[in-house]
Amino acid sequence: MCGIVGYIGKQDNIKIGLTALKRLEYRGYDSAGFAVFNEEKNKIFCLKRTGRVDVLENEIKNSNFSSDLTGSPSIFHTRWATHGQVSDANAHPHSDCQENIFLAHNGIIENYKELKEILEKEGHKFKSETDTEVIAHLIEKNFKGNLEIAVRKAVKNLKGAYALVVISRDDPKKIVAARLSSPLVIGIPEDNSNEYLIASDQTAIVPFTKKIINLEDNEVVVIGQDNFLIIKEREPERLEIDADDIQKDGYPHFMLKEIMESPEAVDNSIKGRLIPEEGLAMLGGLQDIEKELRKIKRLNIVGCGTASYAAMVGRYMLEEYAGIPTEVDISSEFRYRKPILDEATALLCISQSGETADTLAALREIKRRGTMTLGIVNVPGSTMTRETDAGIYNHIGPEIGVAATKSFVSQLVILALFTLFLGRQRGLSLVKGQRIVQDIQGLSGKMREFLGKQNGSIKELAEKYSKFNNFIYLGRKYNYPIALEGALKLKEIAYPIHAEGFASGEMKHGPLALADPNFPFVFIAPQDSVYEKNLSNMEEVKARKAPIIAIATEGDERIRELADDVIYIPKTSEMLTPILSVLPLQLFAYHMGVLRGCDVDKPRNLAKSVTVE
Ligand code: AGP
């Protein structure tokens with residue numbers, strides 16, 4: 001949520017800052033702005049506009065004041081509105097009364113109302129409806145010539161989450177950065193150039209440098225131009241990604257590119273992790289706690305949105321093949337319920353970004369109680385990877401489209417590896433283990449074949465259904481979470497279509513009332529252990545004349561008699577069908593979104609990484 005950038009150095013600040021900011025746009029894109037210290041004029045200039053970074057960039061290009069906007073340090077922001085509507089005034093950076101201090105913020109200040117009331121009584125004048133602006137006034141109140149001290153004093157008053165970059169006219173040659181529960185990364189120059197880039201995440205830093213330091217919670221640091229970098233002594237880490245990893249490679253959208261990358265994602269997630277002859281999964285990240293994992297008798301899995309649906313598929317896998325009682329919760333619910341955990345329970349957090357606020361809060365609460373915590377996370381170095389006791393990386397590179405696609409598929413295959421790992425510790429037979437390994441190894445080939453052959457026909461299907469405004473998705477057992485995910489994808493990407501997912505067995509308990517010729521039903525009905533049950537449900541829908549789209553196993557002719565349209569997926573073992581059945585649903589949502597003119601990579605009101613509650 002929200003992307004922030006800070007740059008200190010002698011190069012073109014606008015070019016560097018806006019390039020970095022564009023790479024963070026997936027975090028929020030309601031408005032964009034920046035502020036820069038112009039030494040010659042001894043003034044901070046600020047420009048902020050509703051809309052995307054392009055709007056800001058064009059205005060700078062066509063302006064006659066661009067020389068005012070050149071200088072150092074400078075701070076940049078792309079917003080995902082939380083407090084206050086989308087407007088120029090509410091866009092960041094925000095400033096104090098005198099416009100001497102400017103800051104960009106990611107996070108939420110929960111006690112901003114109380115703080116604002118006090119500050120207003122003290123005479124501070126506010127210019128926006130945001131929670132952020134209180135921070136600027138708090139810094140102003142504490143400023144006695146040293147920005148770092150003022151920021152340190154100000155953040156002591158804040159409740160909530162923040163990543164901040166702050167500059168001041170009266171202490172000008174530095175950026176003060178601070179974080180609590182919102183990520184912030186400092187790019188360290190590869191040479192001794194004293195050029196620093198600070199950003200919400202590594203995707204913005206990687207074209208600039210691969211040497212980074214992740215700020216830790218409660219840290220306040222000063223990044224300065226004159227050869228000083230005050231930061232807790234620690235070795236910079238090296239980024240594993242390249243700047244080119246974040247390109248569309250000729251695809252019209254990141255979403256389509258990332259769906260097409262799913263087979264490669266599966267390959268990367270399983271690479272070096274399977275021992276076929278022993279029917280085993282070898283998970284380096286869990287090696288050190290292998291013994292402790294043997295003692296685990298129960299698992300709780302948490303995640304949000306798509307990650308929570310991966311967790312639900314994982315529950316079926318873990319209970320069926322590893323024999324471990326598994327509970328799944330949406331992180332935002334889990335953090336407020338009172339789960340009963342003991343020393344034989346482990347908490348598994350699933351998150352692409354590793355920064356999702358609710359999942360982090362659940363993790364921290366459970367860790368505090370001494371429970372073992374694990375993670376399946378894609379972004380290396382993210383907060384979740386640092387705060388869990390152990391975990392498994394997805395290794396699929398950055399995912400830029402707001403819709404989780406290749407990350408979901410990767411989460412599913414990693415859950416299959418995790419099941420194998422725990423299952424073989426607990427009596428899953430060698431033969432069954434070997435069969436699972438074989439099926440996992442066969443997946444990416446089947447995915448490639450499917451994507452290569454079927455994208456065109458799914459596009460045609462989307463054309464046929466693009467005028468419908470409501471859809472129901474139904475599935476059972478392993479494919480019940482896929483019904484939820486299919487519906488989520490469609491409403492997220494092809495808004496304002498309304499789509500809901502249900503367990504097929506729930507259909508007669510309410511949703512069937514909606515069945516009529518204007519309301520398509522999507523059935524995920526591969527030939528698995530609940531196939532016949534799904535067919536009966538389809539009969540019931542057909543009798544009400546609702547159009548039916550079925551996702552079925554290759555060669556299934558019976559289903560043609562019931563469904564108006566069938567998309568065939570290759571055959572695999574039941575536990576792995578979700579990895580194939582979700583692909584047509586992702587593509588269907590993608591094409592529906594494009595046909596409806598939606599911005600599929602940056603759907604309205606959403607952001608890639610939800611770092612606020
Ligand atoms: C799905 O398409 C979403 N954009 C969303 O549900 C996402 O999966 C969720 O916010 C969780 O994010 P995370 O994996 O980074 O924790």
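Given the structure is predicted, the values throughout are model-derived calculations rather than measurements. Read the numbers this way: they start at 1 and go in the same order the structure lists the ligands and their atoms.
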Which one holds for Glu492 and ligand 1: side chain close, backbone close, both close, or neither close, with close meaning a heavy atom under 4.0 Å?
side chain
Any atoms of ligand 1 less than 4.0 Å from a non-hydrogen atom of Gly305? List them with their elements.
6 (O)
Give me the residue, atom name and distance of the protein heavy atom closest to atom 15 (O) of ligand 1.
Ser353 OG, 2.6 Å
For Lys464, does the NZ atom have more than 12 heavy-atom neighbours from other residues, nucleotides or ligands under 6.0 Å away?
yes
Below 4.0 angstrom from a heavy atom of Lys489, which ligand 1 atoms are there? Numbered from 1 as shown, please.
1 (C), 2 (O)
Closest to atom 16 (O) of ligand 1 among protein heavy atoms sits Thr356 OG1, 2.4 Å
What protein heavy atom lies closest to atom 5 (C) of ligand 1? Include the residue and the distance to one decimal.
Thr306 N, 4.2 Å
Would you call Asp267-Arg448 a salt bridge at under 4.0 Å N-O?
yes
So, regarding Val402 and ligand 1 (criterion: nitrogen or oxygen to nitrogen or oxygen, under 3.5 Å), is there a contact or not?
yes
Numbering the atoms of ligand 1 from 1, which are under 4.0 Å from a heavy atom of Ala403?
2 (O)
shortest atom 9 (C) of ligand 1-to-protein heavy-atom contact is with Cys304 O, 3.5 Å
Counting heavy atoms under 4.0 Å, the part of Lys608 that contacts ligand 1 is neither
Can you sort out which atoms of ligand 1 are near Ala404, meaning under 4.0 Å from one of its heavy atoms?
1 (C), 2 (O), 8 (O)
More than 12 non-hydrogen atoms from neighbouring residues, nucleotides or ligands closer than 6.0 Å to CG on Leu461, yes or no?
yes
With Gln586, the side-chain contact (heavy atoms from CB on, under 4.5 Å) member among Leu490, Ile259, Ile493, Ile458
Ile259
Ignoring hydrogens, what is the shortest heavy-atom contact between Ile400 and Tyr26? Give both atom names and the distance.
O-CB, 3.6 Å
Is a salt bridge present between Arg604 and Asp30, judged by a nitrogen-to-oxygen distance below 4.0 Å?
no
Can Glu219 and Arg179 be counted as an ion pair, charged N to O under 4.0 angstrom?
no
Regarding Glu261 and Lys257, does a basic nitrogen lie under 4.0 Å from an acidic carboxylate oxygen?
yes
Is the shortest side-chain N to carboxylate O distance from Glu237 to Lys211 below 4.0 Å?
no
For atom 14 (O) of ligand 1, what is the closest protein heavy atom, and at what distance to 0.1 Å?
Gln352 N, 2.6 Å
Can you find an N or O of Val610 that's nearer than 3.5 Å to an N or O of ligand 1?
no
